[in-house]
Number of protein chains: 2
Amino acid sequence: MEARHLRYALAVAEHQHFGRAAASLGIAQPSLSRQIADLEREVGERLFDRTPAGVFPTAAGAAFLAPARRALCEMASAVAEAGRAARGETGRLRLGFIGSALLRFLPSVLTPFRRDHPGVRLELREMSTARGSAALLGGELDLVIGRGAPRGPGAEHLVSVTVGRDDLVAVVGKGHPYAGLRTVTAAQLARQHLIVASADDEPAVRAGLRALLGADASVLDTATEARDLRTIIGLAGCGVGVGLGPSGMRAAGRSDTWFCAVTPRTPLPDLVMSYRADDRSPVLAAFLAEARRRGDDLPG
Amino acid sequence: MEARHLRYALAVAEHQHFGRAAASLGIAQPSLSRQIADLEREVGERLFDRTPAGVFPTAAGAAFLAPARRALCEMASAVAEAGRAARGETGRLRLGFIGSALLRFLPSVLTPFRRDHPGVRLELREMSTARGSAALLGGELDLVIGRGAPRGPGAEHLVSVTVGRDDLVAVVGKGHPYAGLRTVTAAQLARQHLIVASADDEPAVRAGLRALLGADASVLDTATEARDLRTIIGLAGCGVGVGLGPSGMRAAGRSDTWFCAVTPRTPLPDLVMSYRADDRSPVLAAFLAEARRRGDDLPG
DNA sequence: CACCCGCGATACCTCACAGCTATGGGCCCC
DNA sequence: GGGGCCCATAGCTGTGAGGTATCGCGGGTG
């Protein structure tokens, strides 16, 4: 049994007339008669009563037509769904990102992407750069935004694109001696208790800090580690010490905090977007296209 | 696009290998390659990634396969549903009947029919013989059980089968003078206030009563008319008068009522089952078969 | 590095069958 | 009783599904 048989049966049911049904299908009446006869033979039941008053479905015919209609409908939607999926209008995007991406990059991309691709299920998970690249290689994520391009085994199967740059800034509570300063030096930082991102989570950030502090880098061994920017800001705000983070962090400042630039100007590892090189997902492609469009106005 | 294309695509997805998929379909590999290529051209999207590691659905392919599976499923169920409908296992039977059929005929037919045809929706409506045959001719019912074969315009399009016979019996309250009598005569009835079925509803019954009462038939003009047997029994039970109805009515007797046979023995019009002669519904056929099987043990 | 092997694509043939025209047969209506 | 409408049947034709043979490519191996 082929879809053709269903289409023909539905046409006969609709027109209640073989001749007109055949005309509507663009075929000759005998061809239609034959196909319906074949269908009835295959189903094993007479599907239509040919009466002088017209052609009407039998009980079996009526029971046949309902699922037949649904079957053709499903076939049409199979094509439609394939097209939508290929255009990236439906599907799923599993995105892992570090907190600073929420301040700097994601808002300008996610908003238009959501608007243009309402059928896509976005699964957003905040996580460290290290966990993110592992999950990406493990196939649990489709896209990762972290700090510094992924390294290590498997990284050659990934493509990485820089989507943002940040300088290091310090954050202190309003009562701290540095509050009010426009800049602080590496030497000034080394004399304070520091609050920094976890070395395991953000190895590239930690390496940058070590380079900045030079001989004083050992202070990092006793620094307070926090797993996200809000915690760094919060701890600094209540006087625990001097928080260090990306300049994008300024956007998350509160009334009890003060931000200082760091001299010498210290660029953090790039904010990098990574995905599997062999990933042909149209949703991913659509997201990348949007990111490229929005990424142009980022600081280069 | 034909069902064949869907079957082939599903086979490729299942085996992740053109050669094995073709073998499972009983065709050669190049034929399968060609059909898949045709399908992809028609859908307008590549549905499978041919990699050295195997053949995997693209995003579009995955989106296509789900409704494709449903479509084939619907096609299979179309055949299955047609078969069930043709065997009378599914469908609808709209049955109109008079109250006495519930006492005499329907219980022995409905119980096994329900058991053997659980998928059939039975629409049972108690109604008078007159309304029943009108509804049958109007196409609002498929089967009617009434008293006396339908007459009048259109009746020649109906087939009627006798399914039960009743003699006329009288019913009185326990306090009535006739209570305790085995039989009452026509003359005795004529001296009492009578409770009978409505002349409009059951003309055949009324004609029988007139014949029985002969010259005294005028007492019927002032008789109480009731529209169903339970009402006749109830009114007689509380002393309103002498109820008249079919002998099957005895089964609905209560502790406050007494039944008398009528002499001379007065057969009521037959309990008759009617349906449209041109009705080819398998459900109807199945019901008629059941009725024939159970009808044999009826009083003839 | 060259060779081989496995797999999908391509080329070309062939035959089955979907569709066509012509015609038959049943039923209703005039 | 004759004519017309409608579906079924008969026989022919061309398209395309399926077949065989072969190519091209990528990956593993001696």
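All chains are named by letter (A, B, ...) in the order of the sequence lines, taking the proteins before the strands, and each is independently numbered beginning at 1.
- For the pair B:Ile27 CD1 and D:dT20 C1', the interatomic distance rounds to 14 Å; values are reported in whole Å.
- Within 6.0 Å of atom CZ in A:Arg125, more than 12 heavy atoms from other residues, nucleotides or ligands are found, so the atom counts as buried in its surroundings.
- For B:Arg115, the CZ atom is densely surrounded, since the number of other residues' heavy atoms within 6.0 Å is greater than 12.
- A:Phe48 comes within contact range of no nucleotide atom at all, as no heavy-atom separation falls under 4.0 Å.
- Closest of all the heavy-atom pairs between B:Met1 and A:Val79 is CE-CG2, 3.5 Å.
- Atom C1' of nucleotide D:dG18 and atom CG of B:Leu25 are separated by 12 Å, given to the nearest angstrom.
- A:Leu32 has its CG atom 16 Å from the C1' atom of C:dT21, to the nearest Å.
- For the ring-ring contact (aromatic ring centres under 6.0 Å, His included) test, residues two or more places apart in sequence or in another chain that qualify with A:His117 are A:Phe113.
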Could you list the protein-to-nucleotides 1-11 of chain C atom pairs, N/O on both sides, closer than 3.5 Å?
unit_1	atom_1	unit_2	atom_2	d
C:dC7	OP1	B:His17	NE2	3.3
C:dC7	O5'	B:His17	NE2	3.3
C:dG8	OP1	B:Phe18	N	3.2
C:dG8	OP2	B:Phe18	N	3.3
C:dG8	OP2	B:Gly19	N	3.2
C:dA9	OP1	B:Arg50	NE	2.8
C:dA9	OP1	B:Arg50	NH2	3.3
C:dA9	OP2	B:Ser33	OG	2.8
C:dA9	N7	B:Gln29	NE2	3.0
C:dA9	N6	B:Gln29	OE1	3.3

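- Remark: A:Arg70 CZ is packed, more than 12 non-hydrogen atoms of other residues, nucleotides or ligands lying under 6.0 Å away.
- Residue A:Ile36 contributes atom CD1, which lies 14 Å from atom C1' of C:dA18 at whole-angstrom precision.
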A:Gln35 and A:Ser31: side-chain hydrogen bond (donor to acceptor under 3.5 Å, both in side chains), yes or no, with the steps? CA-CA 6 Å; A:Gln35 292 300 313; A:Ser31 307; over 6 Å; no
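- When the P atom of D:dC7 is taken as reference, atom CG of A:Asp49 falls 13 Å away, rounded to whole Å.
- Here the C1' atom of nucleotide C:dA18 and the CE atom of A:Met1 are 17 Å apart, to the nearest Å.
- Note: CD (A:Glu2) to P (C:dG19) measures 12 Å, nearest angstrom.
- One interatomic measurement links the two molecules: CZ of B:Arg7 to P of D:dA17, which rounds to 13 Å at whole-angstrom precision.
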